[in-house]
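Heads up, the thing below is written out as C-alpha cells.
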Amino acid sequence: MNLFRRVVFLLAAATTLAVSAGVIVIALAYTLFALARPYVGPAGAAACVAGAAALFIGLVGVLLAFMGRAPKRKASEPESISDRVVEFVKSRPVTAIGGAIAAGILAMRNPKYLGLAIRAFVEGRERSGRRK
C-alpha cells in the first residue's frame with residue numbers, strides 16, 4: 001500500500017506542476033498581448049503571441065532533439081565486427097585494399113580460406129586490443 005501511495009502523490013505532484021506551468025504560460029501570453037496591443041492593435045498582438053509561442057515550441061523541440069541523440073561511442077572501443085572493419089579501413093587504407101584483393105583471390109580459389117582469413121582478422125584485432 002505504501003508504494004501505491006507514493007505513486008499517487010508522484011502523479012499529483014506532476015499534475016500540479018503541469019497545471020502551474022499552463023497557468024504561467026497563459027499569464028505570459030496575456031501579458032505579451034497587453035504589451036503589444038497599443039502598438040500593433042489586437043490582431044497584431046495576437047500574432048505576436050502566436051509567434052512567441054511558435055518560437056518557444058521550436059526552441060524546445062530543438063533542445064529535445066539534441067537531448068535525444070544517442071551517446072557517442074569511444075573511438076578506441078568499437079563494438080561490432082563492422083565497426084572494427086571500418087576502423088581498420090580508416091586507419092590503414094592501403095593494407096585494407098591489399099587484404100581485400102587477397103581475400104578475393106583466396107575466395108575464388110577456395111572459399112574455405114575466406115572464412116579462415118576473416119576469423120584471423122577478427123581474432124587478431126581482439127588480441128591486440130587486450131594487450132593494451
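If you chain together hydrophobic residues whose side chains sit under 4.5 Å apart, F56 and L64 fall into the same group.
Across F33 and P42, no two heavy atoms sit closer than the pair CE1-O, 3.5 Å. Between V49 and L32, the shortest heavy-atom distance links the atoms CA-CD2, 3.9 Å. The two residues A12 and T16 make their nearest non-hydrogen contact at O-OG1, 2.8 Å.
Taking 4.5 Å as the limit, some side-chain heavy atom of T31 sits within range of a side-chain heavy atom of L35.
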